[in-house]
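These notes concern the structure reproduced below.
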Protein chains: 2
Amino acid sequence: MYTSTELSKLLRENACKVTPQRLAIYSILASTKAHPTAETIYKKLHHQYPTMSFATVYKTVEILTELGIIQKLNTGEEAFRYDADISRHAHVRCLGCGRVDDIFDLDTTALEEDASTKSQYTLQGCQIYFQGLCPECAKKNQQ
Amino acid sequence: MYTSTELSKLLRENACKVTPQRLAIYSILASTKAHPTAETIYKKLHHQYPTMSFATVYKTVEILTELGIIQKLNTGEEAFRYDADISRHAHVRCLGCGRVDDIFDLDTTALEEDASTKSQYTLQGCQIYFQGLCPECAKKNQQ
DNA sequence: ATATCTGCAAATCGTTTGCATGGAA
DNA sequence: TTCCATGCAAACGATTTGCAGATAT
């Protein structure tokens with residue numbers, strides 16, 4: 001997570017201009033664990049920046065992803081989600097309500113070694129996505 | 001993997017008609033390890049069924065997925081891929097040439113138990129996707 | 001005979017692009 | 001002043017849908 005000062009510095013160092021929209025979009029992502037989509041980001045900022053377009057959201061998340069300070073998640077839904085937590089962690093999506101949660105601290109060392117041996121690939125990354133029912137939806141389903 | 005006789009039986013049992021297109025699409029998937037996209041399937045069958053449309057490909061893979069005899073893969077690319085091997089296995093995509101290979105027999109028991117405990121979700125599934133360089137592309141990159 | 005399927009074209013939806021205007025450096 | 005960014009609208013590509021004619025049962 002970066003402060004707006006740190007983000008401004010990083011942008012300038014990479015020949016990108018600092019704009020209110022860019023700071024606001026990063027701020028949204030840094031302050032939530034909900035893994036918003038472009039649409040969610042757009043809606044959250046619409047009252048504050050009524051003229052802001054989807055193009056700006058998409059261009060900004062593209063830049064932030066290239067700077068390596070956010071990550072783009074493909075959870076098997078229609079739209080991509082974005083996450084300002086760039087640490088290696090897995091995700092789980094609730095088939096009931098659609099929420100996507102983090103799962104931290106899974107030990108994937110053995111898995112990756114095994115995959116590397118069996119596939120003969122030079123591995124560079126790994127995404128792990130679980131599906132299931134969140135505690136709330138599991139409870140509702142029992143009733 | 002199903003023979004065309006078995007597939008025909010399964011389709012009829014589920015009130016779906018047996019058509020040459022359906023058998024051909026399943027046959028393509030059952031005879032490859034390349035995880036084709038809808039476009040690849042369409043192209044492979046175009047000489048044999050020149051009038052077949054993308055709509056038929058999409059409708060058919062939808063049915064086969066619902067019958068549970070193929071799976072739809074989201075490997076983080078633009079288009080979905082389809083796989084007639086419905087056993088639990090991971091996939092790895094080469095960042096050099098784009099090929100997608102299977103990785104069988106990864107032990108994910110510990111991972112899933114850990115994820116279940118940490119997330120508190122009732123887990124129903126898990127997708128694991130690796131990225132890296134296939135042996136051929138890794139060799140090319142060294143040169 | 002009847003319900004389902006095919007194939008065409010149009011629609012949809014998330015995302016990207018071109019370009020004129022506006023704003024940061 | 002000089003780029004780069006924004007915002008609009010149009011383009012895009014994968015996928016879905018509506019519907020008339022064709023086909024499996």
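In what follows, every heavy atom counts, from backbone to side chain, and hydrogens, waters and symmetry copies are set aside.
- Read 5' to 3', the first and last nucleotides of DNA chain D with an atom closer than 4.0 Å to a heavy atom of chain B are D:dA14 to D:dT25.
- Between B:T56 and B:Y49 there is no side-chain heavy-atom pair separated by less than 4.5 Å.
- Side-chain contact check for B:Y82 versus B:H35: every heavy-atom pair is 4.5 Å or farther apart.
- Using a cut-off of 4.0 Å between Lys/Arg side-chain N and Asp/Glu carboxylate O, A:K9 and A:E13 are scored as salt-bridged.
- Hydrophobic cluster membership for B:I128: A:V92, A:I103, A:L106, A:L111, A:Y121, A:L123, A:I128, A:F130, B:V92, B:I103, B:L106, B:L111, B:Y121, B:L123, B:F130 (Ile, Leu, Val, Met, Phe, Trp, Tyr linked by side-chain heavy atoms under 4.5 Å, directly or transitively).
- The number of heavy-atom neighbours closer than 6.0 Å to CD of A:E6, taken from other residues, nucleotides and ligands shown, is above 12.
- Between A:T37 and A:T40, the side chains place a donor N or O and an acceptor N or O closer than 3.5 Å (distance only, hydrogens not considered).
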Using the 3.5 Å cut-off, write out each protein N or O paired with an N or O of nucleotides 21-24 of chain C and the distance between them.
residue, atom, partner, partner atom, Å
C:dG23, N2, A:K17, NZ, 3.2
C:dA24, N3, A:K17, NZ, 3.4

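- Judged by distance alone, the side chains of A:H91 and A:D102 do bring a donor and an acceptor atom under 3.5 Å apart.
- Rounded to a whole Å, the CZ atom of B:R22 is 11 Å from the P atom of C:dT4.
- A:E39 has a carboxylate O that lies under 4.0 Å from a charged side-chain N of A:K43, or vice versa, which qualifies the two as a salt bridge.
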Using atom types as modelled, flag every donor-acceptor pair under 3.5 Å from a side chain in residues 16-27 of chain B to any protein atom, sequence neighbours excluded.
residue, atom, partner, partner atom, Å
B:T19, OG1, B:R22, N, 3.2
B:R22, NH1, B:K17, O, 2.8
B:Y26, OH, B:Y2, N, 2.9

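- A salt bridge is absent between B:R81 and B:D83: the closest approach of a Lys/Arg side-chain nitrogen to an acidic carboxylate oxygen does not fall below 4.0 angstrom.
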Checklist entry - Given the rule in the side chain to side chain contact (heavy atoms under 4.5 Å, CB included) test, do B:V100 and B:E77 qualify, once you have shown the distances and angles that lead to the verdict? => result CA-CA 11 Å; B:V100 171; B:E77 300 160 293; 4.2 Å; yes

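- At a non-hydrogen distance threshold of 4.0 Å, A:T51, A:M52, A:S53, A:A55, A:T56, A:K59 from residues 43-63 of chain A come into contact with DNA chain D.
- Looking at B:P36 and B:K44, their side chains never come closer than 4.5 Å, going by heavy atoms from C-beta outward.
- Of the residues in residues 32-42 of chain A, none has a non-hydrogen atom less than 4.0 angstrom from any atom of DNA chain D.
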